[in-house]
Amino acid sequence: MSKAESKAPKATEIRAIKGTRDLVAPEVLLFQEVEAQAREVFRRYGFEEIRTPILEPTELFARAVGEETDIVGKEMFTFLDRDERPICLRPEATASVARAYVEHRLWERPGTTKLYYQGPMFRRERPQKGRYRQFSQIGAEVLGSGLPQVDYELLEMLWTLLRACGLGDAELLLNSIGCEADRRRYTEALRAALRPDIERMCADCRRRYERNPLRVLDCKVEADQPIIAALPTMLDYLDEPCRAHFSAVRTMLDEQGLPYRLAPRLVRGLDYYRRTAFEFVHGALGAQNALLGGGRYDGLAQALGAPAQYSEGIGFALGEDRFVIAMQAAGRASPPRGIAAYIAALGPELLPRALRLARELREAGLAVEVGDAQRKLARQLELAARTGARSAVILGPDEVAREEATLRELGTGNQRAVALAALAGELAQPAKAKP
RNA sequence: GUGGGUGUAGCUCAGCUGGUAGAGCGCUGGAUUGUGGCUCCAGUGGCCGAGGGUUCAAAUCCCUCCACCCACCCCA
């Protein structure tokens, strides 16, 4: 290459779009881990997977999540399709699941509908720790039952999942935000209680006072706290059915010994929530401390076209990106690569034999890596050790002449001659012994 | 959308009051012929985020822009 060429201006590097990122090892292994644990736990609780489109009509979220919410109002990636219809990248999946529930009349199938999902969601917010414009959620929804026991079982399932992932030290915050009428009465009560003090509160609270007084409750400004502490609590405004429902859920949690903290100030941001609302928080997450949130949304399915008697629902969404941060903070290590054997052939003329051996071992179910046969043995062994292989299979002219290989355990350095035909069996042993 | 912080080799960072760049790790090769994780040696690699200004001279001072991070709002 000439100097002129090397000095040519470099094309500007193409980079991932703001708020999106590439996930590679070791991080991606933890994502796989959460997903695997979730699948297993969900299976035990009778959930089946649903895969809904990433693209949806914008209208769906406007109707289900609420026109006035931040998510719909300013955070959706929405655009006009070629036929001029507004479509968007889904900002969450509960609305999609409810849409599918209605579209396929899933209530006509026997039993309660229990569905889980996993996949990317999109919100156009300013990125920060644990918050991305494309992020992954795992969630589950129970549709067609309003029994308190369903709420209880869902929370129990979540505790199981958290523990399986090493996050048993998370905290469950629990509240009931009542039904629509309760919320209206409470909102009025809040406004009335705030009226004398509102001028002394922070600018955000003054704005919330107008738009959504419930939000005043989770204001973090120190000076406002005494005022907030004196405000009436939602729980005093629940009507009898809502109060009974909430009390039944709490009784079950107490009976079964599952911990939670009553959080009368916990408010959910999406319009469709009713009654039970919850959040699991974890200390490792900085400002975005919600690992997972959810609640009951009776009536959502009806708003999308389901018959009233089948429109009860409850679900949650778990932020995988945040979950993984918490797992790392909890010292959860990524699982090792698990290469069973690294084949080191000595010289290019032995490469075909090495490839054949690798093929046989792989057919036997073993993870195998083949080294560069032109490199000297020391180098190949070094790479073998550093890629995390459990053992090296040395294939030199001497060994091959006897239809053998030298099997070297990389942890201990012990090695011995093994017949090529017996290698698969030998390599499979330690894997079985592993916990 | 608003605030604050940071931008120097692939990564983590040094470069004081201006004189066109360094370390550690990594990567490549070597320390006699087939044995790694240690050590030693050598090599590789940077228009010092971009553009403009001040100056004899700028990674270092000034301005603008951009990117990333953190926080607010809100949420998973």
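Below, all heavy atoms of this structure are taken into account, side chains as well, without hydrogens, waters or symmetry copies. Proteins come first, then strands; the chains are lettered A, B, ... in the order of their sequence lines, and each starts at number 1.
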Does anything in [range] reach RNA chain B, meaning a heavy atom under 4.0 Å, and if so which residues?
range	result
residues 152-170 of chain A	none
residues 272-283 of chain A	none
residues 343-356 of chain A	A/Leu346

Between [N] and [M], how far apart are the two [atom1] atoms, rounded to whole Å?
N	M	atom1	result
B/C25	B/G53	P	41 Å
B/C70	B/C13	P	14 Å
B/A21	B/U64	C1'	26 Å
B/C47	B/C11	P	13 Å
B/A59	B/U20	P	9 Å
B/A42	B/G22	P	15 Å

When you get a sec, tell me which of [options] is the closest nucleotide to the side chain of [X]?
X	options	value
A/Ala378	B/A67, B/G34, B/G36	B/G36
A/Asp70	B/A76, B/C74, B/G34	B/C74
A/Arg123	B/C72, B/A76, B/G36	B/A76

Look for any protein N or O under 3.5 Å of an N or O in nucleotides 1-4 of chain B and output each such pair with its distance, or none.
residue: B/U2; atom: O4; partner: A/Arg126; partner atom: NH1; Å: 2.8

Validation row: A/Phe278, A/Leu292 side chains within 4.5 angstrom (heavy atoms):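 With C-beta onward as the side chain, the pair touches.
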A/Leu423 side chain near A/Glu360 side chain, heavy-atom distance below 4.5 Å: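 The answer is no; the side chains never approach within 4.5 Å.
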NA contact type, [X], heavy-atom cut-off 4.0 Å: base, sugar-phosphate, or nothing?
X	answer
A/Gln415	base
A/Arg21	nothing
A/Gly294	nothing
A/Asp321	nothing

5'-to-3' dot-bracket of RNA chain B (Watson-Crick, G-U; under 3.5 angstrom; crossing pairs as [ ]; | other strand): (((((((..((((........)))).(((((.......))))).....(((((.......))))))))))))....
Please table the atom pairs, donor to acceptor, closer than 3.5 Å between any side-chain atom in residues 367-377 of chain A and protein atoms at least two apart or in another chain.
residue: A/Asp372; atom: OD1; partner: A/Gln374; partner atom: N; Å: 2.9

Any donor-acceptor N/O pair under 3.5 Å between B/G36 base and A/Glu409 side chain: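 No, no donor-acceptor pair under 3.5 Å.
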Set of residues satisfying side-chain hydrogen bond (donor to acceptor under 3.5 Å, both in side chains) with respect to A/Arg353, sequence neighbours excluded: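 Here no residue qualifies.
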Donor-acceptor pair between A/Ser145 and A/Thr112 side chains, under 3.5 angstrom: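 Distance-only check fails for A/Ser145 and A/Thr112.
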Set of side chain to side chain contact (heavy atoms under 4.5 Å, CB included) partners for A/Pro53, sequence neighbours left out: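 Per chain and number, A/Pro53 pairs via side chain to side chain contact (heavy atoms under 4.5 Å, CB included) with A/Glu56, A/Arg99.
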Strictly under 3.5 Å: I want the nitrogen or oxygen pairs between protein and nucleotides 37-45 of chain B, one per line.
residue: B/G37; atom: N1; partner: A/Leu410; partner atom: O; Å: 3.3
residue: B/G37; atom: N2; partner: A/Leu410; partner atom: O; Å: 3.3

Per-pair distances, 0.1 Å, donor-acceptor, side chain in residues 399-409 of chain A, under 3.5 Å, sequence neighbours excluded:
residue: A/Glu399; atom: OE1; partner: A/Gly396; partner atom: N; Å: 3.1
residue: A/Glu399; atom: OE2; partner: A/Thr406; partner atom: OG1; Å: 2.6
residue: A/Arg402; atom: NE; partner: A/Glu404; partner atom: OE1; Å: 3.1
residue: A/Arg408; atom: NH1; partner: A/Gly413; partner atom: O; Å: 3.3
residue: A/Arg408; atom: NH1; partner: A/Gln415; partner atom: OE1; Å: 2.7

Under 3.5 Å, sequence neighbours excluded: what are the donor-acceptor pairs made by side chains of residues 312-327 of chain A?
residue: A/Glu312; atom: OE1; partner: A/Gly146; partner atom: N; Å: 3.3
residue: A/Asp321; atom: OD1; partner: A/Ser136; partner atom: N; Å: 2.9
residue: A/Asp321; atom: OD2; partner: A/Arg21; partner atom: NH2; Å: 2.6
residue: A/Arg322; atom: NE; partner: A/Gly130; partner atom: O; Å: 2.8
residue: A/Arg322; atom: NH1; partner: A/Ala290; partner atom: O; Å: 3.0
residue: A/Arg322; atom: NH2; partner: A/Gln288; partner atom: OE1; Å: 3.4

Aromatic ring pairing A/Tyr272/A/Tyr297, orientation class (parallel under 30°, perpendicular over 60°, tilted between):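 The arrangement is perpendicular - the two ring planes meet at more than 60°.
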Mutual orientation of the aromatic rings belonging to A/Phe280 and A/Trp159 [parallel < 30°, tilted 30-60°, perpendicular > 60°]: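 Perpendicular: the ring planes of A/Phe280 and A/Trp159 meet at over 60°.
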Under 3.5 Å: donor-acceptor pair, side chain of A/Glu33, backbone of A/Cys165: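 No.
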Other residues, nucleotides, ligands: >12 heavy atoms within 6.0 Å of A/Asn414 CG: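 Count over threshold, so yes.
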Under 4.0 angstrom between A/Lys376 side-chain N/O and B/U35 OP1 or OP2: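 It does not, given that no N or O in the side chain of A/Lys376 lies less than 4.0 Å from OP1 or OP2 of B/U35.
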Every protein N/O lying under 3.5 Å from an N/O of nucleotides 10-13 of chain B:
none

